[in-house]
Amino acid sequence: MAPPSVLTPQAEDFPRWYQDVVAKAEMADNGPVRGTMVIRPYGYAIWERIQSSIDARIKEAGAQNAYFPLFIPESYLSKEAEHVEGFSPELAVVTHAGGEKLAEPIVLRPTSETVIGEFMAKWIQSYRDLPLLLNQWANVVRWELRPRLFLRSSEFLWQEGHTAHATQADASAYAMKIHLEVYNDFLLSVLGVPTYLGIKPPRERFAGAVNTMTCEGMMRDGKALQMATSHELGQNFARAFDIFYQSEEGQAELCFTTSWGASTRLVGGLIMAHGDDRGLILPPEVAPYQVVVIAVRDEPEVNKACATIQQLLKGHGVRSFVDVARGSFGRRVTDWEIKGVPVRVEVGPRDLKEGVVTVSRRDHDEKQTWPLDDVATKIPALLAMMQQDLYERALAWRDANTLDVASVVDAIEVAQSGFARLSWDLVGAGEEAELNNQAVTVRCLQRADGSIPESELENDLVCIVAKSY
RNA sequence: CGGGAAGUAGCGCAGCUUGGUUAGCGCGCCUGGUUUGGGACCAGGAGGCCGCGGGUUCGAAUCCCGCCUUCCCGACCA
């Protein structure tokens with residue numbers, strides 16, 4: 001009954017499965033230059049939904065969109081010592097332009113703290129100008145030695161937020177707000193991916209940050225993916241770029257800045273968090289088409305019914321696509337399964353005779369028969385239920401594959417197929433190196449109750465360790 | 001960037017060892033017909049700078065060198 005698999009099964013070769021899905025769901029292609037990515041319409045439609053959802057949350061959090069240039073003077077990067085040290089291995093640098101060698105090389109932005117810092121310094125005069133809350137949607141370039149579509153490409157798309165505050169407490173609170181109300185809320189309620197929230201250990205911190213927070217998701221192969229991060233930059237960039245404000249008392253004070261980002265990597269995470277051997281499984285919230293209405297036969301009655309259903313669905317705010325009967329039925333079903341469309345409504349002459357349609361969910365095998373008249377009204381609830389179920393399935397998977405351990409040796413063992421949680425006290429510099437030697441990293445540090453600590457120096461912290469993308 | 005493997009039609013591959021007519025096969029694609037409720041069938045057809053550049057040779061997909069790209073494993077990262 002089950003059709004032969006057109007994809008490499010996950011259990012056989014997960015990376016291969018991932019590539020098969022990306023190719024066969026028509027999400028992306030490799031670009032001509034190593035590490036570059038062509039995002040195809042179906043993949044881009046998913047990105048656009050991610051984008052608009054995150055953008056709305058960012059605006060709700062008070063930040064405004066702006067745009068800064070792709071070209072950055074090389075000297076800017078050098079102004080913050082750790083920053084330049086961290087990024088120099090992955091910089092792409094323009095040395096020639098206009099047919100001549102440039103006096104000063106230009107860096108293609110790997111991130112925009114430096115240019116934005118320069119302009120923050122210009123725009124901020126008084127405490128009344130604070131907080132300054134900026135965001136930009138842009139492409140960035142980080143030369144990748146081992147690229148993978150969506151997960152790691154030399155050029156990728158993202159959103160980068162940059163803010164300046166009068167006090168450390170304000171900056172810290174805002175970074176936390178973004179982390180919880182923008183990223184974590186988005187990941188849970190839209191992507192349906194449960195997260196472990198925490199701070200990065202010092203060696204995993206963003207170059208130039210004093211604190212880095214992360215949302216770590218678990219993929220279907222038990223590996224971790226950092227799905228979004230927020231950084232407290234302290235006064236490092238403020239000092240490097242002279243971002244001062246005049247306080248109420250008339251004193252010149254250095255600002256505290258933050259930055260935070262989420263990228264097209266999220267599309268890769270979405271694929272790997274929910275997909276199965278038949279392909280993508282899209283949560284309804286991000287699916288370009290939430291319903292595909294499949295005409296079983298190319299007959300006037302059937303086509304008319306399909307068009308009617310699509311109209312009714314539209315009236316209920318449901319995005320749908322009508323697949324008219326060209327080619328075999330099984331082939332078309334399989335193609336939509338690979339693309340992960342949440343709900344399939346099959347309409348055939350046999351159904352119509354009885355005034356019904358056949359409805360099935362991408363995450364279930366059973367088909368249901370619904371009265372034709374009920375379809376449009378019942379679909380929204382079905383989509384909502386599926387959204388919830390996908391989250392819960394991912395949560396159950398994650399919890400079942402997260403084990404508490406009491407030693408680094410056990411952590412390495414567990415990290416072969418999932419996440420290990422252990423006391424941070426057990427992990428010193430030597431132990432962390434031992435983990436890293438086995439391609440296992442400390443993904444984040446948490447308090448015992450799972451909340452985000454203020455620093456790695458708090459007592460009784462636990463860490464989540466895993467292999468990662 | 002180090003170690004390994006590989007690039008032949010949109011995809012998957014054979015041919016290469018031992019150089020020699022018009023470079024093959026499966027899937028997909030196009031046309032016509034029969035089909036159609038889980039990857040249909042028949043017939044006809046289109047589609048190739050054999051990754052790129054150089055070399056050896058009367059002659060290169062095949063042998064040699066360089067480069068590019070992809071995949072796997074490591075060190076770096078969203």
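Proteins come first, then strands; the chains are lettered A, B, ... in the order of their sequence lines, and each starts at number 1. Everything numeric here is computed off the predicted structure, so don't read it as measured data.
Residue contacts for A:R326: at a heavy-atom cut-off of 4.0 Å it reaches no nucleic acid atom on any strand shown. Residue contacts shown for A:L151 include a base, since a base heavy atom lies under 4.0 Å away. A:G35 comes within contact range of the sugar-phosphate backbone alone, with a heavy-atom separation under 4.0 Å but no base atom that close. Using a 4.0 Å heavy-atom criterion, one finds that A:G86 contacts no nucleic acid atom at all. A:Q226 comes within 4.0 angstrom of the backbone, heavy atoms only, and of no base. A:G348 comes within 4.0 angstrom of a nucleotide base, judged by non-hydrogen atoms across all strands. Nucleic acid contact class of A:S153 (heavy atoms, under 4.0 Å, all strands): base. Across all strands, A:K367 comes closer than 4.0 Å to base atoms (heavy-atom distances). Residue-level contact check: A:T358 touches the bases, meaning some heavy atom is under 4.0 Å from a base atom. Residue contacts for A:N436: at a heavy-atom cut-off of 4.0 Å it reaches the sugar-phosphate backbone alone, with no base atom in range.
Taking the six-membered ring for Trp and thresholds of 30 and 60 degrees, A:W17 and A:F14 have ring planes inclined between 30 and 60 degrees apart.
In the set B:rC76, B:rA78, B:rG37, the nucleotide with an atom closest to the side chain of A:V296 is B:rG37. Closest to the A:A439 side chain, of the nucleotides B:rG74, B:rA78, B:rG37, is B:rG74. The A:E337 side chain lies nearest to B:rG38 when the options are B:rG38, B:rG37, B:rA78. Across B:rU70, B:rA75, B:rG37, the shortest atom-to-atom separation from the side chain of A:D351 is found for B:rG37. Of the candidate nucleotides B:rA78, B:rU69, B:rG37, B:rG37 has the atom nearest to the side chain of A:R350. Between B:rG38, B:rC73, B:rC76, one nucleotide has an atom nearer to the side chain of A:R146 than all others, and that is B:rC73.
A gap of 27 Å separates the C1' atoms of B:rG3 and B:rG12, to the nearest Å. When the P atom is compared between B:rA23 and B:rU70, the two are found 30 Å apart, to the nearest whole Å. Of the C1' atoms belonging to B:rA60 and B:rC49, the separation is 14 Å, rounded to the nearest Å. For the P atoms, the distance linking B:rG54 with B:rC50 amounts to 13 Å, nearest Å.
The side chain of A:S328 contributes an N or O atom lying less than 4.0 Å from OP1 or OP2 of B:rA40.
Judged by the 6.0 Å and 45° rule, A:R265 forms no cation-pi pair with A:Y469. Both cation-pi conditions hold for A:R220 and A:W397: the charged atom is under 6.0 angstrom from the six-membered ring centre and inside a 45 degree cone around its axis.
In terms of heavy-atom proximity, A:Q446 sits nearest to A:G450 at NE2-O, 3.7 Å.
Two residues are said to be in side-chain contact when any heavy atoms from C-beta on lie closer than 4.5 Å; A:R109 and A:F71 fail this criterion.
Of the residues in residues 12-20 of chain A, those lying under 4.0 Å from RNA chain B by heavy-atom distance are A:P15, A:Q19.
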